[in-house]
Amino acid sequence: MAKVIAGVGTSHIPAIGAAVDHNKTQEAYWKPVFEGMEPAKKWIEETKPDVCIVVFNDHASAFSLEATSTFAIGVAPEFQPADEGYGPRKVPVVKGSPELAWHITESLIMDEFDMTIVNEMPVDHGLTVPLSIMYGQPEEWPCEVIPLCVNVIQYPQPTGNRCFNLGKAIRKAVESYPKDTKVAIFGTGGLSHQLQGERAGLINAEYDEQWLDDLVAAPEKIKHTSHTEYLRETGSEGIEAIMWLIMRGALDEDVKQVYRFTHCPVSNTHYGLLVLENQDE
Amino acid sequence: MAKVIAGVGTSHIPAIGAAVDHNKTQEAYWKPVFEGMEPAKKWIEETKPDVCIVVFNDHASAFSLEATSTFAIGVAPEFQPADEGYGPRKVPVVKGSPELAWHITESLIMDEFDMTIVNEMPVDHGLTVPLSIMYGQPEEWPCEVIPLCVNVIQYPQPTGNRCFNLGKAIRKAVESYPKDTKVAIFGTGGLSHQLQGERAGLINAEYDEQWLDDLVAAPEKIKHTSHTEYLRETGSEGIEAIMWLIMRGALDEDVKQVYRFTHCPVSNTHYGLLVLENQDE
Amino acid sequence: MTHQEKDYHDIPGTYVFDGSHFRKGYHLNMFCMSLNKQENRDKFRHDEEAYLAQYPLTDEQRKAILERNWLEMLRLGGNIYYTFKLAIFDGMTMQAAGAAMSNTDMTEEDFKQMMISGGRSIDGNRSKKETK
Amino acid sequence: MTHQEKDYHDIPGTYVFDGSHFRKGYHLNMFCMSLNKQENRDKFRHDEEAYLAQYPLTDEQRKAILERNWLEMLRLGGNIYYTFKLAIFDGMTMQAAGAAMSNTDMTEEDFKQMMISGGRSIDGNRSKKETK
Ligand SMILES: [Fe+3]
Ligand SMILES: [Fe+3]
């Protein structure tokens with residue numbers, strides 16, 4: 001039987017990908033950031049999930065204003081790195097997990113989540129930067145990946161409560177899959193940042209730390225946080241953090257915090273990294 | 001304030017569009033069909049909805065296997081007739097209703113329906129045939145249209161229950177729109193038909209008539225009908241009828257059946273037409 | 001690809017387009033859909049085999065397309081809404097396609113007549129157990 | 001287009017990309033997105049005005065694009081993830097774009113320094129009522 005064994009939360013800041021790709025990780029600005037990632041890297045090297053469900057968002061790469069899906073799940077055998085305007089990142093092609101992805105898709109739609117089923121989707125920094133953070137620069141990514149793309153750039157985003165419940169439904173889907181498969185789920189994006197407008201550069205580290213405390217120990221407290229509170233308190237792009245609620249929903253009520261790290265700034269963002277395990281692992 | 005005043009159910013068989021476009025409506029095969037539509041045409045001419053929300057499905061015209069959305073709502077100012085392989089139908093461009101469509105979209109997502117928001121969507125017979133049935137061949141369609149595209153061709157389709165609840169949420173959304181607007185909602189597709197396989201040509205008129213009785217008077221009885229029951233009893237393409245449940249969900253618990261007509265065959269399908277009004281109209 | 005048994009597999013003469021069919025028939029269906037465009041119809045008409053070479057089809061799929069084996073296309077992952085694009089291309093009616101898929105000696109005229117007489121009966125066609 | 005008052009309109013210096021912004025900025029954003037493709041970047045570099053002529057932009061939008069008026073693009077319906085494609089095209093960093101949108105004399109260096117010192121403070125920046 002398949003099992004969701006752990007969850008990872010991480011910001012997916014493009015500058016991190018650029019630092020990896022251009023060998024800047026030992027520069028003074030970046031050293032503390034990449035050092036802070038080390039324990040998570042070690043953890044995943046030991047844990048070796050077979051499949052990572054990566055909850056991320058597209059940033060005008062695969063999708064455009066022509067069609068914006070609230071939740072899109074990737075069922076393809078592979079996903080190519082997207083050209084975001086600099087040429088595609090030179091990272092391995094992302095291998096999908098079509099059979100499990102279809103199993104999850106069917107289960108989610110029967111559980112009344114209105115998924116978009118996607119077979120053609122170049123993946124941008126939202127998905128590849130978290131892989132770089134956790135796995136560094138391998139020849140091939142050491143896991144299969146199921147991309148789960150969430151709309152966070154068009155208002156209105158899905159509610160935190162919907163995201164949390166989607167996580168629960170994903171867990172149920174995984175646990176009804178007959179093959180022995182170790183699944184980890186990544187929530188990506190956040191924490192506080194605002195890229196746009198006169199308020200660009202906004203950071204609210206205090207809010208983020210409290211939010212992380214609650215995410216780990218009392219997610220019910222934050223799942224009804226309103227869109228306007230996220231926009232106001234964590235910046236217009238901070239609302240990405242709702243994607244961590246999907247990850248959290250897929251885990252036990254009581255989880256073990258394996259690792260947590262935050263750092264400010266990474267580019268224009270309060271960087272956050274979190275590793276959670278279900279207690280019975 | 002905007003109001004949902006009525007619902008229309010109709011099959012959207014492409015041959016009906018061809019019969020209209022090529023002036024065959026008076027031929028022996030077609031005459032009883034088009035005569036049967038007359039009372040519905042008269043009704044809509046008198047009722048004059050400002051906006052029709054047309055719940056339909058795309059048949060490999062706007063969308064492909066690259067991305068299949070469970071529910072997609074069209075927010076564009078206009079939608080062009082699609083080329084389905086014969087060249088586009090020579091019918092008027094479909095004018096959208098962007099402001100109301102966005103209002104509904106926001107409301108639905110906040111109510112935890114995971115909509116895809118679409119601005120670029122050629123519309124095929126699924127949408128234009130119902131307009132031809134109700135309005136004939138005008139220079140311009142006499143109403144604005146909000147296309148609501150439902151996946152019914154990729155298994156799994158949304159459940160009947162989800163469709164019914166989407167209808168309720170649409171009604172709530174419409175009723176919170178501040179401008180005086182008369183809205184009708186069309187459920188399209190069905191009734192029993194099977195286009196594919198050795199069982200092609202299947203019709204189950206008895207099941208359809210009972211289903212229509214229940215749809216009008218006791219929709220709760222059929223909203224949990226399983227996918228397999230639809231596939232088995234009404235043919236592999238008969239499951240389209242779930243789109244009528246969205247229409248029904250948007251109406252009062254008790255509705256007035258203004259008109260009902262069925263005819264077999266139209267092409268390979270048991271044709272159905274239904275006009276329902278909320279009691280207080 | 002593991003083949004999971006589903007309750008709808010018991011319905012006779014019916015190819016439910018689920019994830020497993022989707023994966024099998026992806027390129028076959030995407031080829032069919034390309035015929036929505038006049039320029040592609042022109043190219044395909046000019047040289048069917050050359051046109052098909054753009055798509056990573058299996059030999060069986062290519063053969064079924066060239067031979068217009070409508071039932072075989074469904075078995076190889078075709079979705080009727082996609083394969084019917086090819087029937088439209090050939091100028092076929094839905095009744096001709098229905099007759100061809102019935103896998104009997106049925107002609108288009110027979111199929112039309114069956115429809116006019118109320119369609120294929122549901123009795124005896126609900127379950128593979130009934131038909132055997 | 002009626003302008004409905006929303007509670008997030010009270011947040012200072014923030015352009016929430018809702019339906020009303022979407023409708024205003026559709027073509028502006030679709031132009032920006034086209035720069036994902038190398039061939040389009042080459043064409044735009046060769047002749048910006050000719051390239052823009054393909055898109056039904058308003059005069060104000062065209063002007064804001066040509067002048068790289070980042071804040072004005074947001075006001076005219078730009079979405080930062082789209083307009084940043086143009087900043088990438090110009091070789092700008094996110095900090096340079098942030099400084100330019102701050103609408104003060106801030107330089108890129110100032111902006112970087114602000115980030116290193118913990119970012120723009122939330123205090124005083126929650127509500128238009130505070131900033132006035
Ligand atoms: Fe992001
Ligand atoms: Fe249909």
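Computed from a prediction, not measured in an experiment: that's the story for all the values here. Protein chains get the first letters and strands the later ones, always in sequence-line order, with residue 1 at the start of each.
The contact list for residues 56-77 of chain A toward chain B, using heavy atoms and a distance under 4.5 Å, reads A:Leu65, A:Glu66, A:Ala67, A:Thr68, A:Ser69, A:Thr70, A:Phe71 by residue number. Contact annotation for residues 108-126 of chain A against chain B (heavy-atom separation below 4.5 Å, listed by residue number): A:Ile109, A:Met110, A:Glu112, A:Phe113, A:Asp114, A:Met115, A:Thr116, A:Ile117, A:Val118, A:Asn119, A:Glu120.
Residue B:Tyr155 comes nearest to A:Trp102 through the heavy atom pair O-CZ3, 4.1 Å, listed as atom of the first residue, atom of the second, then distance.
For a residue to count as touching a neighbouring chain, one of its non-hydrogen atoms must lie under 4.5 Å from one of that chain's; by this rule B:Gln154 touches chain A with the side chain only. Neither the backbone nor the side chain of B:Asn151 comes within less than 4.5 Å of any heavy atom of chain A.
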